[in-house]
Protein chains: 2
Amino acid sequence: MNVETNATADDSSQGRIRQENIEKIMKAAEKVFAGNGFRGATTAAIAEEAGLPKANIHYYFGTKAKLYRAVLDDIIALWLSSFREIGENDDPATTLADYIRAKMQLSQNRPNASKVFANELIRGAPRISGYLETELKEWVEEKAAILDHWIEEGRMAPVDSKRLLFHIWSMTQTWADFEVQWAAVLGRKKKLKAEDFDAATDFIITIVLRTCGLQPIPSRS
Amino acid sequence: MNVETNATADDSSQGRIRQENIEKIMKAAEKVFAGNGFRGATTAAIAEEAGLPKANIHYYFGTKAKLYRAVLDDIIALWLSSFREIGENDDPATTLADYIRAKMQLSQNRPNASKVFANELIRGAPRISGYLETELKEWVEEKAAILDHWIEEGRMAPVDSKRLLFHIWSMTQTWADFEVQWAAVLGRKKKLKAEDFDAATDFIITIVLRTCGLQPIPSRS
DNA sequence: TTAGAACTTGACCGTTTGGTCAGGATTTGG
DNA sequence: CCAAATCCTGACCAAACGGTCAAGTTCTAA
């Protein structure tokens with residue numbers, strides 16, 4: 001019987017088989033939820049993607065909603081762990097550039113995580129509004145305060161710090177969520193190349209640093 | 001019987017009742033597809049949103065797939081009509097600012113259109129790859145050429161023109177697709193205020209014009 | 001006024017869906 | 001080695017799904 005433990009990926013107090021299967025299922029679920037949303041995803045599709053019979057998915061997670069919740073929690077944990085990057089005493093230019101690089105790494109390496117999150121937001125975020133209103137809001141306010149402090153100290157040019165963070169998010173995540181669009185426009189065959197991500201990263205760093213007066217605008221020819 | 005005319009919204013050669021109902025259904029469908037994706041949307045939900053019995057939806061559109069196609073075509077037509085904005089001989093700063101304003105107007109006024117499109121992209125764009133690879137690709141190349149021309153003439157600072165357009169898109173559409181996220185972080189109750197859209201518009205214009213050397217970077221205090 | 005075209009819709013159908021379960025197989029700790 | 005715990009899964013079910021249809025109502029143009 002399923003001992004009523006809310007199954008999550010990082011629960012190390014579990015047996016070997018359990019851990020392996022949960023990981024397999026969550027990975028498959030992330031992919032299927034990313035590509036179909038919660039309502040459009042089927043447990044049968046997740047089972048096939050995971051290479052397990054459907055009943056096995058229900059054995060570990062009970063319901064589709066609980067599995068979705070587990071996937072969401074996993075993604076939020078990943079998000080939060082990638083957040084800590086910006087610190088008070090660092091150099092503005094390198095700190096911003098490092099943060100942009102870290103977010104772009106996530107877009108490149110975990111696009112499905114970003115897509116599940118995007119799906120949830122598009123639908124009005126009924127299941128993650130708590131996270132948005134607390135952890136994320138606090139993170140933005142905390143980091144915006146640091147930027148404002150840098151501005152006050154004259155270490156970067158005045159800029160709307162909160163909105164700068166919003167738009168760094170939108171620019172970095174577009175390369176995960178809407179990859180096909182940019183691949184099509186760039187003439188790639190469905191998938192972007194690593195150099196496309198590198199070029200995008202450099203561009204976003206440029207646009208942000210120029211805006212903050214941390215990188216000179218090249219003179220007009 | 002449904003005379004085999006591919007029903008679309010702007011078909012003015014139709015009867016009054018037909019036109020009204022098609023409009024009602026497409027509006028409802030856009031909302032339901034935006035919130036659930038193609039697979040997650042149900043014809044019953046669309047019918048209820050439209051205030052019509054389910055059989056009536058099938059009377060006008062046949063299948064869910066055809067209705068989705070009609071909604072998609074409607075959105076693409078809207079997208080393309082909002083594209084023509086950037087012309088060769090205009091002033092770079094005002095042209096870019098006007099384009100950003102136009103895109104933000106769309107995000108504010110037709111968020112569901114943007115969301116349906118976003119859903120389709122997240123899913124890998126199986127039904128709009130043709131549009132991405134032709135019309136959109138050509139538009140980007142055409143407009144990027146104009147930006148490059150401006151740069152050559154010394155009318156703006158050197159910048160990766162294609163990627164500038166990509167990121168203008170990502171920054172403007174985030175305010176439609178992910179509105180709840182920014183509303184939550186800004187402490188609004190689910191919905192953004194008009195002034196939030198205005199502030200975002202101003203910010204995006206600022207970041208773009210600064211990057212292009214078309215607006216001075218304020219001196220550090 | 002009237003006949004045909006267009007529209008309406010409750011009832012229905014086959015399929016897919018999320019979820020259950022019993023009974024067997026495998027793993028694990030002592 | 002054994003027995004208890006855990007894992008496995010084909011078969012099954014009720015509900016929800018996309019779609020059909022026939023019988024009726026309303027509209028329209030002559």
Side-chain angles (χ1 to χ4, degrees), chain A residues 1-9 11-26 28-33 35-72 127, chain B residues 1-9 11-26 28-33 35-72 127:
Chain A
M1 295 264 149
N2 185 357
V3 193
E4 198 61 39
T5 50
N6 273 353
T8 54
D11 204 332
S12 54
S13 67
Q14 307 289 336
R16 203 193 83 257
I17 297 177
R18 186 175 196 83
Q19 248 182 323
E20 282 176 6
N21 281 340
I22 282 179
E23 201 168 336
K24 250 192 269 182
I25 293 168
M26 298 244 315
E30 187 175 279
K31 184 170 177 181
V32 175
F33 282 132
N36 299 94
F38 174 70
R39 290 216 47 181
T42 68
T43 54
I46 294 169
E48 198 187 359
E49 180 71 34
L52 294 169
K54 195 186 68 169
N56 214 331
I57 270 75
H58 285 95
Y59 171 71
Y60 282 108
F61 287 92
T63 67
K64 187 171 84 156
K66 283 183 192 168
L67 171 55
Y68 187 61
R69 181 76 259 170
V71 170
L72 236 35
R127 298 159 211 256
Chain B
M1 293 259 148
N2 185 355
V3 192
E4 197 60 43
T5 51
N6 272 354
T8 55
D11 206 332
S12 55
S13 67
Q14 308 287 335
R16 202 193 84 255
I17 297 177
R18 187 175 196 83
Q19 249 181 321
E20 282 176 7
N21 280 340
I22 283 180
E23 202 168 335
K24 251 192 268 182
I25 294 169
M26 298 241 321
E30 188 174 279
K31 185 170 177 181
V32 175
F33 282 132
N36 299 94
F38 175 71
R39 289 216 49 181
T42 68
T43 53
I46 294 169
E48 198 187 359
E49 180 71 34
L52 294 170
K54 194 184 69 167
N56 214 330
I57 271 75
H58 285 95
Y59 171 71
Y60 283 108
F61 287 92
T63 67
K64 186 171 85 156
K66 283 182 191 168
L67 172 55
Y68 187 61
R69 181 76 258 172
V71 170
L72 235 35
R127 297 158 214 258

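As the structure is a computational prediction, the values presented were derived from the model and not from experiment. First the proteins, then the strands, lettered A, B, ... as listed; each starts at 1.
Qualifying side-chain hydrogen bond (donor to acceptor under 3.5 Å, both in side chains) partners for Arg127(B), counting only residues two or more places apart in sequence or in other chains: none. The side chain to side chain contact (heavy atoms under 4.5 Å, CB included) test applied to Asn36(A) returns Val32(A), Ala41(A), Arg39(B), not counting sequence neighbours. Applying the side chain to side chain contact (heavy atoms under 4.5 Å, CB included) rule to Lys54(B) yields the partners Thr43(B), Ala44(B), Ala47(B), His58(B); only residues at least two apart in sequence or on another chain are considered. Ala29(A) meets the side chain to side chain contact (heavy atoms under 4.5 Å, CB included) test with Phe33(A), Ile46(A), Leu67(A), Val71(A); sequence neighbours excluded.
Tyr60(B) has its OH atom 20 Å from the C1' atom of dG18(D), to the nearest Å. Atoms CD1 (Ile25(A)) and P (dT9(D)) sit 11 Å apart, rounded to a whole Å. When rounded to the nearest whole Å, the span between CD of Gln19(B) and C1' of dC7(C) equals 15 Å. Asn36(B) has its CG atom 14 Å from the C1' atom of dA16(D), to the nearest Å. dC7(C) atom P lies 17 Å from atom NE2 of His58(B), rounded to whole Å. To the nearest angstrom, P of dC27(D) lies 11 Å from CD of Glu20(B).
Shown here for Lys24(A) and Ala50(A), the closest heavy-atom pair between the two residues is CD-O, 3.6 Å. Considering every non-hydrogen atom in both Phe61(B) and Lys66(B), the closest pair reads O-CB, 3.3 Å.
Interface residues of residues 45-57 of chain B facing DNA chain D, ordered by number: Lys54(B), Ala55(B); criterion, heavy-atom separation under 4.0 Å.
OP1 or OP2 of dA6(C) has not a single side-chain nitrogen or oxygen of Arg18(B) nearer than 4.0 Å. Of the side-chain N and O atoms in Arg39(A), none sit less than 4.0 angstrom from OP1 or OP2 of dT17(C). Between Thr63(B) and the phosphate of dG18(D), there is no side-chain N or O to OP1/OP2 separation shorter than 4.0 Å. Taking only side-chain nitrogens and oxygens, Asn21(A) never comes nearer than 4.0 Å to OP1 or OP2 of dT6(D).
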Contact state string [nucleotides 22-30 of chain C, B base, S sugar-phosphate only, - no protein heavy atom under 4.0 Å]: -----SS--
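By the 4.5 Å heavy-atom criterion applied to side chains, Lys64(A) and Phe38(A) are counted as neighbours. Proximity of Ile17(B) to Glu20(B): side-chain heavy atoms (C-beta onward) are nowhere separated by under 4.5 Å.
Among the heavy atoms of the strands, none lies under 4.0 Å from Ala65(B).
Across dG19(C), dA6(C), dC7(D), the shortest atom-to-atom separation from the side chain of Tyr59(B) is found for dA6(C).
With rounding to the nearest 0.5 angstrom, the OH atom of Tyr60(A) is 7.0 Å from the CD1 atom of Ile25(A).
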